[in-house]
Chemist: 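One structure is given below, represented as structure tokens, and several questions about it will come after.
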Amino acid sequence: MSQNGSNSPDILNASVEDVRYLASLLRGVHFSTAGLTVTVEEARTLVAVAFIFAQVFDDFDVVPPKRTRQRSPQVIEEEDELPEPGPAPRTPRAMQQDEEGEDEVVPENYTTAFQINLNVLVDCLNIFGTAGPVTAPSATTHKKWTKPVQGGGGAEDNQNSDGGEGPPRRGGVNGGGGSGQRDLLPVRLGGQMGDKKTSVRLTYSGDGYPLVAVVTEESGGPTATCEITTYQTEPHLSLEINSDIVVCRIILKSSWLRDAISEIDPSCERLTFIANPPLDPNARRRNGAESQPRLRIQADGTFGSTEMDYPNDKEVLETFDCRQRIVFSYRFSHITKTLRALSSSTKTSMRIDEDGLLSLQFLMPKPHSTSDETDGFVEFRCLALSE
Amino acid sequence: MRFRANIENVPLFFRVIQTLEKLQKKLIIKFTEETMHLICNHETNEGGIQVWSQMRVPSLFTKYRIQSNAKNEITMNLYSDALLGALRSAAANPASALNGAGNTAGAPSSIETDEVIVRLTKKNDQAMLSFEITGTTRLGRLVRVVHDVRIEVLKPADAARLAEPLCPTPNVHILLPPLHKLRTIVERLRPMSNILAIRANSNGHLQLGINTEGVKLETDWRNCTNPSNNDGNEPEDEEDEEDLEERKKMYAVIVSIKSFLKFLGAHQVSTTTIACVCQHHCLILYVYIGDVADAGGVLTFYVPAVIDE
């Protein structure tokens, strides 16, 4: 591949004016389709994928490395500082091992992938404290859930499993976004920064080169050049949901799910989803007093259990399609990893197949987006606990 | 040996001590006729950061009286948290609170402070700095609170031995961006690295960088001001051609991020900060307190370089 020094064209060259949306997607963990896909994995059980569409970026070019002459149109001035890939001298801080980032870019089927430490990237984007979460969408319907791109990238999103930060963050999930100290500041700044935008340009020149992010604070402010060491990708856990054997599909407002999950005591160990098909299979939905709840979330822990039932109401469960009674349990600590993405999403699509593989897709509307753009989304896929 | 003064600007005094208190437990204060010196020079404090500061008496005190056998200077050693406690009590004062000091001063007090007097006293053979706070309650009653801060008066000979660290002539002087912005950035860097490289040139370019196995990150400011040196260290006004080369040369010093963050704690008192890079030796930071014009005082931080790679 392109090993000829900084002459080689960058394989990836992308920039965005407002870093906040990008950061919130990454924080939630995943963007994709003809854009960027970021995948993280935990415990070989949970996979999260963020799909970042190329439209999210103001410009987005992927140049397959074969054609060496071609230079992408905009090259920012810092580019000549492309570093020699030599590893830096200092010992790395303890960083989480369970995260893998992967970028895939797909113009004409060309893709490139690498692994990075996602926390570092998120921290870099937020270096000026300006990449706070986009204001959590209110409960008002923003956009219809666009049918998930047919299994296509099957995106599962796992919450950014912030490596070292200890217990599952569940505290401040309300409104603004994730908890954890890193987020508190941005929440505050995000509010007062108004229209100020921090822009970022990402470039990547190929195997062995770092991912370069140039973050610029608005108008003559400082710029930060981050070169993040990339690693070769390791095989991913492949959890594809097969739409043929999906037995349950639910679409609901994210706030309904967020409130439920953040209500559960963190000491709980397992979370069970129970769904029942409508009583009368012919009349396919509704009515009458049903003794069985349509959707029940049950949490079990050392100190007891919690059950939450969702009413059979169009207002709450916008789509409810369940072929057979299902009862599947998941490790609660895995489910809580979705909370950050969940909090900044508007709608959630939940699918469970007959083996219990859970897919949660969170729709992340781009702020001030103009109509047609496809929203980014984050998908989490999680294996059920085996009994 | 006599000393007494009215503290007029309690919030400022409070914030300065608050900044220093994070550096080390004990603090040396030297009062002279014109200035108050605050010194943190413990060899043992973490990272070896030292602070030598001077504040002009009129910016803090009125009715200032000092008298001693050693050229009317008094030098004392005291615990900074005790001093901070006394000042916190005095600062809980809505009337004179200069912006924000009230917040940091703990529980809101229902007392309005009228006067804060500090004097040198002796109780049971123990030298004290005694803070006498007179206030009025909401009901109009007079309240008097006295804090005695135990001190140890240094002998003039010992005091004379205190000396600022010797540093080579700095390679570069540069005006730092607002410290609270720097702090945001450096806080992001701390989890990634233990050391931080600070580079600057005489052409308004300042750079903070870290370089680890996982990430290389450089933050640049290109429009900083280089204060002119009147004492002629770098007479750089005329001969532009070669001079430009020289001015663009970056000088670097590597410091511990922890130490640098401690210095950044001074963001709450700073207005203007000048950094001086002595390549591979140390970083000197002059934090000006209050208006530059009126030059209420300067905190000088010496941050030693970390020898690395």
Chemist: Quick check on B:L189 against chain A: is it the side chain, the backbone, both or neither that has a heavy atom closer than 4.5 Å?
Modeler: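 Contact with chain A: side chain only.
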Chemist: Can you tell me how far SG of A:C226 sits from CE of B:M192, rounded to the nearest 0.5 angstrom?
Modeler: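 That separation rounds to 7.0 Å.
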Chemist: Quick check against the 3.5 Å criterion: does A:T229 have a side-chain atom that pairs as donor or acceptor with the backbone of B:G214?
Modeler: yes
Chemist: Please check if atom NZ in B:K22 has more than 12 non-hydrogen atoms from other residues, nucleotides or ligands closer than 6.0 Å.
Modeler: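 It does: B:K22 NZ has more than 12 such atoms within range.
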Chemist: With sequence neighbours excluded, what pairs up with B:R199 under the side-chain hydrogen bond (donor to acceptor under 3.5 Å, both in side chains) test?
Modeler: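 B:Q207.
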